[in-house]
Student: 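Please read through the structure below; I'll follow up with questions.
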Amino acid sequence: LSIATMFARALLPFTRRSFSAAAAKQVTKGSNVIVPGVQLFLAPGSKPPAVSTEELFRNRKVALVGVPGAFTPVCSLKHVPSFRDHAEELKKKKGVQEVYCISVNDPFTMKAWGESMSCVGKVSMLADPSGAFTNALGLAVDLSVAGLGTRSLRYSMIVDNGRIESIHVEPPGSLETTSAENLLKDL
């Protein structure tokens with residue numbers, strides 16, 4: 001069995017009892033939900049390293065992919081690579097100015113992960129170290145059973161001028177609707 005399969009199987013019983021469709025219903029397509037106002041962190045070396053979501057999303061269209069954790073199997077093997085590999089298509093053909101990946105991790109881990117995934121110049125890494133953004137969206141999940149603590153559900157969204165235009169949310173261990181290929185269909 002692959003590491004990703006073992007990880008997903010370990011989460012399966014937990015997933016059934018913890019995932020709530022209510023989280024996804026909070027931010028559905030056409031609901032005109034404004035992105036929560038919190039402070040996030042760009043990879044170290046970025047100027048400025050700390051940035052408000054208001055600044056980050058103002059007057060631009062952004063693809064945002066939320067993942068449970070840096071260096072985790074499904075995120076590293078499938079989810080982030082789908083956005084890295086389709087970043088140019090999102091930007092050139094679909095009018096997205098930036099592609100961001102966000103996780104409840106520290107900025108140093110996000111920088112190292114982005115570099116290891118060859119995301120530099122394609123997908124910008126964002127850290128939500130306290131989980132403030134994730135909690136404000138209602139997308140936090142307790143993954144202590146897998147040794148991860150409180151993390152984010154897997155999601156992808158289009159944010160246009162600070163408003164969530166479309167969003168896809170999945171339970172832990174799943175990767176069906178939140179890929180870049182699926183998000184491209186929304187544009």
Side-chain angles (χ1 to χ4, degrees), residues 1-12 15 19 24 40-46 56-57 60-129 131 133-134 137 139-141 143 146-149 151-160 164-187:
L1 293 176
S2 72
I3 292 172
T5 302
M6 290 187 296
F7 187 75
R9 284 186 180 171
L11 288 175
L12 193 58
T15 299
F19 178 71
L40 298 173
F41 293 85
L42 295 162
S46 301
L56 201 61
F57 301 121
R60 54 200 311 219
K61 184 180 275 193
V62 171
L64 180 65
V65 55
V67 297
F71 296 103
T72 55
V74 175
C75 302
S76 295
L77 298 173
K78 296 179 182 177
H79 203 194
V80 172
S82 79
F83 281 87
R84 178 197 61 215
D85 297 345
H86 290 283
E88 284 305 308
E89 185 177 359
L90 283 162
K91 292 175 183 177
K92 288 187 177 179
K93 293 182 181 175
K94 301 298 183 174
V96 168
Q97 281 86 21
E98 190 72 49
V99 179
Y100 289 109
C101 175
I102 186 170
S103 183
V104 180
N105 277 106
D106 65 87
F108 301 99
T109 299
M110 293 302 288
K111 178 181 182 180
W113 187 42
E115 289 171 350
S116 76
M117 299 288 299
S118 301
C119 287
V120 177
K122 297 175 183 176
V123 177
S124 298
M125 306 309 257
L126 286 171
D128 181 16
F133 185 75
T134 300
L137 284 172
L139 298 176
V141 62
L143 295 178
L148 297 174
R151 296 299 179 117
S152 174
L153 289 170
R154 185 177 311 284
Y155 65 89
S156 62
M157 68 171 73
I158 297 295
V159 178
D160 194 355
I164 299 171
E165 197 173 270
S166 69
I167 185 167
H168 302 275
V169 181
E170 298 195 77
S174 180
L175 179 60
E176 296 175 21
T177 64
T178 61
S179 68
E181 295 86 349
N182 198 50
L183 198 62
L184 280 163
K185 295 175 187 173
D186 290 346
L187 295 168

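The analysis underlying the following values was restricted to heavy atoms, covering all of them including side chains, and did not include hydrogens, waters or symmetry mates.
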Student: Does the plane of the ring in F57 sit parallel, tilted or perpendicular to the ring in Y100? Use 30° and 60° as the thresholds.
Tutor: perpendicular
Student: At what distance, to the nearest 0.5 angstrom, does CZ of F83 lie from CD of E89?
Tutor: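 So the gap between those two atoms works out to 11.5 Å.
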Student: Mark yes when over 12 heavy atoms from residues, nucleotides or ligands other than F71 sit less than 6.0 Å from its CZ; otherwise mark no.
Tutor: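 Atom CZ in F71 is packed in, count exceeds 12.
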Student: Has the side chain of D128 got a donor or acceptor atom that lies under 3.5 Å from a matching backbone atom of F133?
Tutor: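 Yes; judged by distance alone, with no hydrogens or angles, the pair exists.
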Student: Nearest heavy-atom pair of S118 and R84: which atoms, and what distance?
Tutor: O-CD, 3.4 Å
Student: Do the non-hydrogen side-chain atoms of T134 and I102 ever get within less than 4.5 Å of each other?
Tutor: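 A side-chain contact under 4.5 Å is absent here.
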Student: Locate the shortest heavy-atom distance separating P129 from V104; write the atom from each residue and the value.
Tutor: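 Shortest heavy-atom separation between P129 and V104 comes out as O-CG1, 4.0 Å.
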Student: NZ/K185 to OG1/T177 distance, rounded to the nearest 0.5 angstrom?
Tutor: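 Output value for this atom pair is 10.5 Å.
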Student: How long is the straight-line distance from CG of L40 back to CE of M125, given to the nearest 0.5 Å?
Tutor: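 Here the interatomic distance stands at 13.5 Å.
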Student: If I compare all heavy atoms of P81 with all of C75, which pair ends up nearest, and what's the gap?
Tutor: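 Looking at all heavy atoms of both residues, the shortest contact is CD-O, 3.5 Å.
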Student: Any chance you could measure K122, atom NZ, to D85, atom CG, to the nearest 0.5 Å?
Tutor: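 Reported value, rounded in 0.5 Å steps: 7.0 Å.
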Student: Measure across R151 and G69 and return the closest heavy-atom pair with its distance rounded to 0.1 Å.
Tutor: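 Heavy atoms only, the tightest pair is NH1-CA, 3.4 Å.
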Student: Mind checking the OG1-CG spacing from T72 to L77? Nearest 0.5 Å is all I need.
Tutor: 9.0 Å
Student: Looking only at the side chains, is there a donor atom on one of N182 and S179 sitting less than 3.5 Å from an acceptor on the other?
Tutor: no
Student: Between V62 and V99, does a side chain to side chain contact (heavy atoms under 4.5 Å, CB included) hold up when you go through it step by step?
Tutor: CA-CA 6 Å; V62 171; V99 179; over 6 Å; no
Student: Which distance, rounded to the nearest 0.5 Å, do you find between the CD of E98 and the NZ of K61?
Tutor: 14.5 Å
Student: Any non-hydrogen side-chain atom of L137 less than 4.5 Å from a side-chain atom of I164?
Tutor: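 Yes, their side chains come closer than 4.5 Å.
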Student: Flag the pair H168 / D186 as yes when at least one side-chain heavy-atom distance between them is below 4.5 Å, and no otherwise.
Tutor: yes
Student: Indicate the atoms forming the closest heavy-atom contact of K111 with A43, along with that distance.
Tutor: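 Heavy-atom minimum between the residues: CB-CB, 3.7 Å.
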Student: Can you check whether E170's main-chain N or O pairs, donor with acceptor, with E176's side chain at less than 3.5 Å?
Tutor: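 No.
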Student: Are L183 and V65 side-chain neighbours, meaning at least one heavy-atom pair lies under 4.5 Å?
Tutor: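 L183 does not reach V65 side chain to side chain.
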Student: Compile the donor-acceptor pairs under 3.5 Å between side chains in residues 152-159 and protein atoms, sequence neighbours left out, one pair per line.
Tutor:
unit_1: R154; atom_1: NE; unit_2: S174; atom_2: O; d: 3.0
unit_1: R154; atom_1: NH1; unit_2: H79; atom_2: ND1; d: 2.9
unit_1: S156; atom_1: OG; unit_2: T178; atom_2: O; d: 3.3

Student: Taking all atoms of both residues into account, what is the closest heavy-atom pair of S76 and W113, and its distance?
Tutor: OG-NE1, 2.9 Å
Student: Partners of E88 by salt bridge (Lys or Arg N to Asp or Glu O under 4.0 Å), sequence neighbours excluded?
Tutor: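 Partners of E88 under the salt bridge (Lys or Arg N to Asp or Glu O under 4.0 Å) test: K92.
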